[in-house]
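A quick write-up on the structure given underneath.
These figures come from a predicted structure and were not determined experimentally. Convention: sequence-line order gives letters A, B, ...; per-chain numbering from 1.
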Number of protein chains: 2
Amino acid sequence: MASESSKVASLRDIAEETGVSIRTVRRALEGTGSTSAEARERVTEVAERLGYRPNLVARALRTGRTMEVGAVLGEVSELHMTKLRAFEERLREAGYSLFVLFGRRDRSGADPTRQVLDRLVQRAPMGVAFFGGLDLDMTEAIRETEAAGLPYMLLDHRGESGDVIGIRREEGVYEAIHYLARSGRRTIAYFGTDDRTRLDGYERAMAELGREPIIVINPEADPADLEPLLALQPRPDALQVSSDVLALKVLAQLHERGIAVPREIAVIGFDDRELTALSWPALTTLAQPNRDVGRTAAEVLLSKMGGDEPPAGGWSQRLPMRLVVRESA
Amino acid sequence: MASESSKVASLRDIAEETGVSIRTVRRALEGTGSTSAEARERVTEVAERLGYRPNLVARALRTGRTMEVGAVLGEVSELHMTKLRAFEERLREAGYSLFVLFGRRDRSGADPTRQVLDRLVQRAPMGVAFFGGLDLDMTEAIRETEAAGLPYMLLDHRGESGDVIGIRREEGVYEAIHYLARSGRRTIAYFGTDDRTRLDGYERAMAELGREPIIVINPEADPADLEPLLALQPRPDALQVSSDVLALKVLAQLHERGIAVPREIAVIGFDDRELTALSWPALTTLAQPNRDVGRTAAEVLLSKMGGDEPPAGGWSQRLPMRLVVRESA
DNA sequence: CTGAAAGCGCTTACAG
DNA sequence: CTGAAAGCGCTTACAG
């Protein structure tokens, strides 16, 4: 069955069938350069009939350009899949194909960096993208990638180095806090991980508002840790939480205690996970510009692959977040 | 910079450096066949020093085997990304690379089938996978894929034809209804889309229980449509909802009306979306075996690509769902 | 145990 | 306007 696959037509097949040279077939098909009308007509007719498609592998070998880009994926979430889609669609427009590799620890817990990079480099892509949430040693990954002469781009990485399309987290939280203040909230607290950029945004806004910051670091969102916050006098009437996942846990805790959201306490999340629009009440949150991150990363990578000089500020960019106001704040 | 990429070493480079023929280099590197110890030693040393990696493009051209598999992706969700990861990891073990293409309508609304298939076929993969939620004309897609002699596999497709790794939805819902009955629920209703397989499972279980089915078809989950259900005498004390997204909307509606979940009404969702574990109350739901679907699809595709004969029942398989009991039922 | 050579299907100077 | 030929880096009979 599969082995019966009829042989695909090559330029030579068309040349033999039409009686002209392979060189002429190419020019006729390409449309560039001059060809006699008669040759062109016969060639296109035969190519059509034989269902000719150029063999990309042969072309890649000859030109040294595989027209492939490799993406290393980490975390599984619709956020990253949205970035991936925008990234792939932009690359496809430019004639590139995207192959993917998941770079995470397997059961054994062994560092996958070597294996993933070997695979990546061996496939000889023209560029590489590293998505977020990877289990890789990124310093080594970037070094290896550059050593192999491969242009690369990071999408939304936390690390401090490398060319990255990032997100303005600090600014996002800063604006959310101001929104809460404008909505009349008096006592605004921060709850969640100790991610520096989020805290910076929170602290900057609170300083501008002339208010004392109230920060509870609690990466696990252990319900018990909400207690000290709720025991404060006056009790906070607004919470900026460091992620949507955590915010949903907080909502459940507030419901358990019979505290009304947003009447008694307003809650703002972070990420805009798809399902948070359906929580009760619907979560107000900071949306990551996933499509923009994907598309911009493709754009910049295309530029690097094209040999462009980096712009004055370097290749990195940081894109703004968007406050999505729903019901919880 | 990128253009400065040092040339990669080829077999010929190693041959010249060591003074043996290219043929000998290959045998020494491969380890198969016999080679003089001396030749093997020198060759491996030089290969190591030059950082030799076989050029996969050249190999593909020569052998006619690209060692690539193409995946066409549709819906963006962590469910599909989980399938994709399992699929890719299994293929990678077997030496294949996976490239991806998103097949969905663009703004213009034009049918993407042609464009996506052209890209796919042109890349000359050795196999193809179609993921769920595609905007493609699948009948044409399968026909074209087979016409090109490409083994393919569908992952969790609703269509009635084609080789597919599917999910036993009917059985999943059937078991959920029995679980509700065992938990002492008297009046169990179905709410959601008119998907036949889910309804079949619901109706089969209800028939076995000797109870009258109560079905409200409401794909949009318009809140108002919950009214007739809640007005029934006796009022349902359990709801099987057709998806987690819909179930979350239902939860919010019940909260709005002050109806306690699960005390007054139990709710079971469908899909096990990541964030439903965090709803209030945490949603009991039917989990899709995403990793298994991905891995099994890879396994079967590998088998098809290897030219195996189809098993007696055909290539298709349907995998069981798992009831994840949390708080809502 | 080893070498010389053909060929996968393109693209690209080079000649006429 | 067209043709003959080289070569990308492999793999694979074929000879010795």
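With hydrogens and angles ignored, the 3.5 Å screen pairs a side-chain donor or acceptor of B:S316 with a backbone N or O of B:V164. Using modelled atom types, one side-chain atom of B:T44 and one backbone atom of B:E41 make a donor-acceptor pair closer than 3.5 Å. Judged by distance alone, with hydrogens and angles left aside, the side-chain atoms of A:E88 form a donor-acceptor pair with the main-chain N or O of B:F102 at under 3.5 Å.
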Where does DNA chain C pair, written as one dot-bracket string 5' to 3', with Watson-Crick or G-U pairs under 3.5 Å, ( ) inside the strand, [ ] for crossing pairs and | for another strand? |||.||||||||.|||

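Distance A:R53 CZ to C:dC8 P: 21 Å, rounded to the nearest Å. C:dG9 atom P lies 17 Å from atom CZ of B:R123, rounded to whole Å. Going from atom CZ of B:R12 over to atom C1' of C:dG3 covers 15 Å, rounded to whole Å. Rounded to whole angstrom, the span from the CG atom of A:L29 across to the C1' atom of C:dG9 amounts to 14 Å. Distance CZ (B:R65) to P (C:dG9): 16 Å, rounded to an integer number of Å. Per the geometry, CG belonging to B:N55 stands 8 Å off C1' belonging to D:dC8, to the nearest Å. Counting to the nearest Å, the C1' atom of C:dG9 and the CG atom of A:L50 are 15 Å from each other.
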Counting primed atoms, P, OP1 and OP2 as sugar-phosphate and everything else as base, the B/S/- map of nucleotides 11-16 of chain D against protein heavy atoms under 4.0 Å is BBB---

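Cation-pi contact between B:K304 and B:Y152: present, with separation from the ring centre below 6.0 Å and deviation from the ring axis of at most 45°.
Between A:R295 and A:D292, the shortest heavy-atom distance links the atoms NH2-OD1, 2.8 Å.
Side-chain contact check for B:N290 and B:T82: no donor-acceptor pair (N or O, by modelled atom type) lies under 3.5 Å.
Between B:R40 and B:E45, no side-chain nitrogen of the basic residue sits less than 4.0 Å from a carboxylate oxygen of the acidic one, so the salt-bridge criterion is not met.
Residue pairs satisfying the side-chain hydrogen bond (donor to acceptor under 3.5 Å, both in side chains) criterion with at least one member in residues 115-125 of chain B, sequence neighbours excluded, are listed as follows: A:R53-B:D118, A:E68-B:R123, A:S97-B:R123, B:R114-B:D118.
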